[in-house]
Amino acid sequence: MSIFENAGDRPAFADIIAPVTPETFFAEYYDRKPLHIPGDAGKFGGLMDWDILTRLLNKTAIWTNKSLMLVADRQPVPARAYCESVDDRAGNSVLQPVPEKVMEFLRQGASLVANDIDTLTPELSALADAFEAAYDAKTQVNLYCSWKQRQAFNSHFDTHDVFALHVEGEKVWRVYKTRMPHPIRHARHQNDAYAEPAHEQQRGDLLMEVTMRPGDVLYLPRGWYHDALATSGGTIHMAFGVTSVIGLDVIGALSDFAVEDEAFRMNLPRSDAGPEALAAAIADLGDRLQSLSRDPGVLDAIRAHQAGFRNHRMGFALPVEVVEKRFARTGPGFKVVRQGGRAALVGPRGGVPIPPGREAIVEWVVGRPSFGRGDYLDAHTALPTADLDRLLQELIGMGVLRPEN
């Protein structure tokens, strides 16, 4: 049975990794070691299959050489070999895949990689949201379609946790003993930092070999060396990449607070002051950062950052019920006073001048206990809507009006 039938439209992380429980996963596997979870063939029914993938690929205008890639015999296919230059909907020139050319490469055994597909269907979005809720992390989804005995990628590691969800065909995954120490997307800590012979040497001996079938899940903590090879005529799996908040994010939070300390805004000692002066200044800044790291405000900022560390997807729901904005006068003591060709708005706290041309509008506003924005705009068509809305906000800021909804 599909997890979408079990849990409705919004499966939870527990549904994805069942029968393993989230408690067991986070206690024994999370950021510790790989995990293979066999599943029933229909477990991910409705999430992805050949028909769904075909429908998505036929939305040709959404794909570029960045979001749809081809890999043949472990090497990327040059974009110009399967794309043509077109103007996108924003009028920008992009390289867009040509279906006929893509199909020809696939017939020759090339693998297809579709990147960042987590917003393309409600089911993909639901599972990405489930990972984010469980992890306090951002999730993006890539799809990999490959063919029997044609390997797309050499042994490598990823800079995020990976959950591979298998939906079509069979593929053998080899997981090696080496785990790189918490790599990140940085020039010195990602795959490109090493030549291929270094990867072959670093990966170590084989730790586990897993045949992935529809319904299976494979979890790989970031940094774990692996590779995969299709063993059936066609395979599809999706990699849910989960990126968590890390220690470097704390430095960013500290900098937001440190900017208020003048010491961090001062010039460092010039070179002719000697290395001792520079060392003393850096040590002082380090002490200040250490003190700042214990500031409750910093903790609150990082907690808020972690809680909001999500990708925004599937936020539209139509049709909507239109609710007109309404505003209410904060009290009865406001009036427009004219004297000597000038006008002022007078209230309990005094008066303020009214810019020329706005006198009748302000008088209309303060002459009503409450009103709707539509009536307000209809009554004052001589001014642009943006100017009228700006005047409302100014009156709210002055304490003359308050929003009713």
Side-chain angles (χ1 to χ4, degrees), residues 3-4 7 10-18 20-37 39 43-44 47-48 67 113-144 153 156-167 173 175 179-186 189-191 208 210 212 215-228 236-250 252 302-314:
I3 60 174
F4 293 97
R10 309 298 298 179
F13 181 63
D15 300 305
I16 301 169
I17 65 170
V20 178
T21 66
E23 293 75 17
T24 298
F25 172 79
F26 285 110
E28 300 180 15
Y29 297 96
Y30 168 67
D31 203 29
R32 290 178 177 83
K33 58 184 179 181
L35 170 65
H36 173 225
I37 308 172
K43 182 174 183 177
F44 301 123
L47 177 64
M48 182 61 61
S67 57
V113 181
N115 294 319
D116 299 316
I117 64 170
D118 48 288
T119 63
L120 297 189
T121 71
E123 292 79 11
L124 287 167
S125 293
L127 290 202
D129 288 344
F131 281 109
E132 291 185 342
Y135 254 72
D136 288 332
K138 287 187 176 181
T139 299
Q140 57 97 217
V141 186
N142 296 341
L143 178 145
Y144 299 85
F153 299 100
H156 65 282
F157 60 84
D158 292 295
T159 57
H160 47 252
D161 279 17
V162 172
F163 288 84
L165 277 57
H166 202 86
V167 294
W173 288 65
V175 182
R179 181 191 185 183
M180 300 300 283
H182 291 92
I184 58 174
R185 296 184 66 180
H186 183 279
H189 295 279
Q190 56 187 9
N191 277 280
M208 58 190 292
V210 174
M212 293 281 285
D216 285 8
V217 176
L218 178 64
Y219 165 67
L220 296 173
R222 63 178 162 131
W224 219 290
Y225 267 103
H226 62 278
D227 56 48
I236 301 175
H237 83 269
M238 287 155 297
F240 286 72
V242 187
T243 301
S244 300
V245 177
I246 62 174
L248 286 173
D249 295 306
V250 176
I302 294 174
R303 285 167 59 88
H305 175 66
Q306 190 174 38
F309 199 63
R310 306 283 192 276
N311 287 318
H312 300 289
R313 52 178 76 88
M314 293 295 175

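Remember, predicted model here, so these are calculated numbers, not experimental data.
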Would you check if the side chain of Arg179 reaches a backbone N or O of Arg222 as a donor-acceptor pair within less than 3.5 Å?
yes
Return the CE to CD1 distance between Met212 and Ile37, rounded to the nearest 0.5 Å.
9.5 Å
Within this structure, what is the CZ-CG distance for the pair Phe157 and Leu220, rounded to the nearest 0.5 Å?
13.5 Å
Heavy-atom donor-acceptor pair, Arg32 side chain to Tyr30 backbone, under 3.5 Å
yes
Has the side chain of Glu132 got a donor or acceptor atom that lies under 3.5 Å from a matching backbone atom of Asn311?
yes
Going by ring-ring contact (aromatic ring centres under 6.0 Å, His included), name the residues that satisfy it together with His305, two or more places apart in sequence or in a different chain.
Phe309
Within the 4.5 Å heavy-atom criterion, are Thr159 and His189 side-chain neighbours or not?
no
What distance do Glu123 atom CD and Asp118 atom CG have between them, rounded to the nearest 0.5 Å?
13.0 Å
Measure the acute angle between the ring planes of Phe13 and Phe26, then classify it against the limits of 30° and 60° as parallel, tilted or perpendicular.
tilted
Just wondering, do His156 and His226 contact through their side chains at under 4.5 Å, heavy atoms?
yes
For residues Leu35 and Ile17, determine if any side-chain heavy atom of one lies less than 4.5 Å from a side-chain heavy atom of the other.
no
Taking the side chain as C-beta and beyond, is there a heavy-atom pair between Pro11 and Leu127 under 4.5 Å?
yes
Point-to-point distance, once rounded to the nearest 0.5 Å, from CG of Leu124 to CE of Met238
6.0 Å
Check: Lys43 side chain, Ile16 main-chain N or O, donor-acceptor pair, under 3.5 Å
yes
Residues at least two apart in sequence or cross-chain that pass side-chain hydrogen bond (donor to acceptor under 3.5 Å, both in side chains) with His36, listed by chain then number, are Asp216
With distance as the sole test, does Asn142 use its side chain to make a donor-acceptor pair with the main-chain N or O of Ile117 at under 3.5 Å?
no
How many angstroms lie between NE2 in His160 and CD1 in Ile184, if you round to the nearest 0.5 Å?
13.5 Å
Is the gap between the ring centers of Phe240 and Tyr135 under 6.0 Å?
no
Short question: side chain of Arg185, backbone of Gln190 - any donor-acceptor pair under 3.5 Å?
no
For the residue pair Phe25 and Phe163, categorise the inter-ring angle as parallel (less than 30°), tilted (30 to 60°) or perpendicular (more than 60°).
tilted
Going from OG1 on Thr119 to CD on Gln140, what distance comes out if it is rounded to the nearest 0.5 angstrom?
11.5 Å
